[in-house]
Amino acid sequence: MKYIKYSFILLLSITFLGCGFYSFTGASVPPGTETYQVNRFENTALLIEPGLERDFKLALEDLIQNQTNLRLVPNNGDLVYEGEITEYRISPTTATSQNTAAQNRLTISVKLRFFNKKDEEDELEQSFSFFFDFPGSSQLIGAQRAQAHEEIFERLTQDIFNATLAKW
């Protein structure tokens, strides 16, 4: 009976210790990394949407904050995210028989530079892009524009997170 009790305690301890290195988000934060910073993503796209760079920066900060234990700092972060918004384009994707757009697509592309002060081999420079389709008969304004930006940012920030911290 005594051995069963100790075996159970040992098994329970191993189970809890094994869970200490697992992350439900898939994040693989390098040891010793405690902080991150997100610098301004300058909008260099031909079509400028006011406030887009601020909204994207906040979306990226929020995602990292919510999926890791890292602390956001304004400078000297262990991990640094920066780059440019290189494309903000609305283009027709399908046409009607009257040669008008049946569906349009908003595409946003971001060029990312990622620096890891703890492991320089982990650094990355990569472009990410995603789109949102909407009816050709409507304008991309108001709530529809907000929804488009939200959906695109959700995908872009998750792709950036996966490439830099989840290594997917």
Side-chain angles (χ1 to χ4, degrees), residues 9-90 105-133 140-168:
I9 291 172
L10 179 64
L11 181 62
L12 196 58
S13 298
I14 291 172
T15 301
F16 283 124
L17 287 174
C19 292
F21 300 104
Y22 180 78
S23 167
F24 290 109
T25 63
S28 175
V29 178
T33 304
E34 297 176 359
T35 61
Y36 74 100
Q37 76 184 62
V38 179
N39 294 336
R40 182 172 178 261
F41 277 74
E42 185 178 349
N43 193 345
T44 62
L46 293 176
L47 180 60
I48 300 291
E49 179 66 30
L52 190 70
E53 63 274 3
R54 178 201 65 231
D55 295 344
F56 180 75
K57 178 183 185 295
L58 292 173
L60 184 56
E61 287 174 351
D62 288 347
L63 180 86
I64 296 168
Q65 188 75 49
N66 292 334
Q67 294 194 15
T68 69
N69 291 334
L70 297 173
R71 192 175 76 256
L72 176 64
V73 294
N75 51 36
N76 295 322
D78 296 328
L79 305 178
V80 179
Y81 294 82
E82 65 181 31
E84 297 87 34
I85 297 171
T86 57
E87 181 180 32
Y88 186 93
R89 179 173 41 99
I90 299 173
R105 173 171 287 175
L106 169 64
T107 303
I108 298 178
S109 298
V110 174
K111 183 175 182 180
L112 169 79
R113 286 181 301 280
F114 171 73
F115 303 98
N116 182 342
K117 292 183 180 178
K118 302 287 184 182
D119 183 4
E120 289 182 7
E121 290 181 17
D122 207 24
E123 295 181 356
L124 175 73
E125 185 168 335
Q126 184 176 338
S127 292
F128 298 87
S129 185
F130 199 65
F131 61 89
F132 176 84
D133 291 335
L140 192 60
I141 57 174
Q144 188 168 24
R145 181 179 63 206
Q147 178 189 3
H149 290 177
E150 184 179 324
E151 286 186 27
I152 292 172
F153 288 172
E154 184 178 320
R155 178 63 182 266
L156 288 174
T157 57
Q158 190 64 55
D159 287 350
I160 289 169
F161 179 85
N162 289 345
T164 59
L165 290 173
K167 308 294 187 235
W168 291 0

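Residues S129 and T107 come closest through the heavy atom pair OG-CG2, 3.5 Å. Heavy-atom minimum distance, L106 versus A148: CD2-CB, 4.0 Å. In this structure, G83 and R113 approach most closely via the heavy-atom pair CA-NH2, 3.7 Å. Taking every heavy atom of both residues into account, T86 and T44 meet most closely at CA-OG1, 3.8 Å. A pairwise comparison of heavy atoms in Q126 and A163 identifies OE1-CB, 4.3 Å as the closest pair.
Remark: E120 engages no residue in a salt bridge (charged side-chain N to carboxylate O under 4.0 Å, His left out) (not counting sequence neighbours). Shown here are the salt bridge (charged side-chain N to carboxylate O under 4.0 Å, His left out) partners of D62, two or more places apart in sequence or in another chain: there are none. Under the salt bridge (charged side-chain N to carboxylate O under 4.0 Å, His left out) criterion, E61 pairs with K57, not counting sequence neighbours. Residues passing the salt bridge (charged side-chain N to carboxylate O under 4.0 Å, His left out) test with E151: none are found, sequence neighbours excluded.
At distances below 3.5 Å, not a single donor-acceptor pair connects side-chain atoms of T35 with backbone N or O atoms of L79. At least one donor-acceptor pair under 3.5 Å links the side chain of Q37 to the backbone N or O of G77. Proximity of a side-chain donor or acceptor of T68 to a complementary backbone N or O of Q65 within less than 3.5 Å is not detected. Between the side chain of E34 and the main chain of R71, no donor-acceptor pair closer than 3.5 Å is present.
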Run the side-chain contact (heavy atoms from CB on, under 4.5 Å) test on L112 and T164 for me, step by step, so that the C-alpha distance in whole Å, both residues' side-chain angles and the decisive distance to 0.1 Å come before the verdict. CA-CA 10 Å; L112 169 79; T164 59; 4.0 Å; yes
side-chain contact (heavy atoms from CB on, under 4.5 Å) evaluation trace for V80 with Y36: CA-CA 6 Å; V80 179; Y36 74 100; over 6 Å; no
Which is it for L63 and F153 under the side-chain contact (heavy atoms from CB on, under 4.5 Å) test, yes or no, and what are the steps along the way? CA-CA 10 Å; L63 180 86; F153 288 172; over 6 Å; no
Let me check something: any side-chain donor-acceptor pairs from residues 45-56 under 3.5 Å, sequence neighbours excluded? List them with distances.
unit_1	atom_1	unit_2	atom_2	d
E49	OE2	R145	NH1	3.3

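Sorted by first and then second residue, the pairs that involve residues 69-89 and meet ring pair (Phe, Tyr, Trp, His ring centres under 6.0 Å), not counting sequence neighbours, are Y81-F114, Y88-H149.
Remark: K117 does not engage D78 in a salt bridge, criterion side-chain N to carboxylate O under 4.0 Å. Between E84 and K111 there is no salt bridge, since no side-chain N of the basic residue sits under 4.0 Å from a carboxylate O of the acidic one.
Proximity of V29 to N69: side-chain heavy atoms (C-beta onward) are nowhere separated by under 4.5 Å. Side-chain contact between D159 and F130 is absent, with no heavy atoms from C-beta onward closer than 4.5 Å.
Note that the CD1 atom of I90 and the CZ atom of R105 stand 13.0 Å from one another [nearest 0.5 Å]. Interatomic distance, N43 CG to I108 CD1, rounded to the nearest 0.5 Å: 9.0 Å. Put simply, CG on L72 and CD1 on I64 are 8.5 Å apart, with the number rounded to the nearest 0.5 Å. How far CZ of F132 is from CD1 of I152: 7.5 Å, rounded to the nearest 0.5 Å.
Around CD of E123, the count of heavy atoms belonging to other residues, nucleotides or ligands within 6.0 Å exceeds 12.
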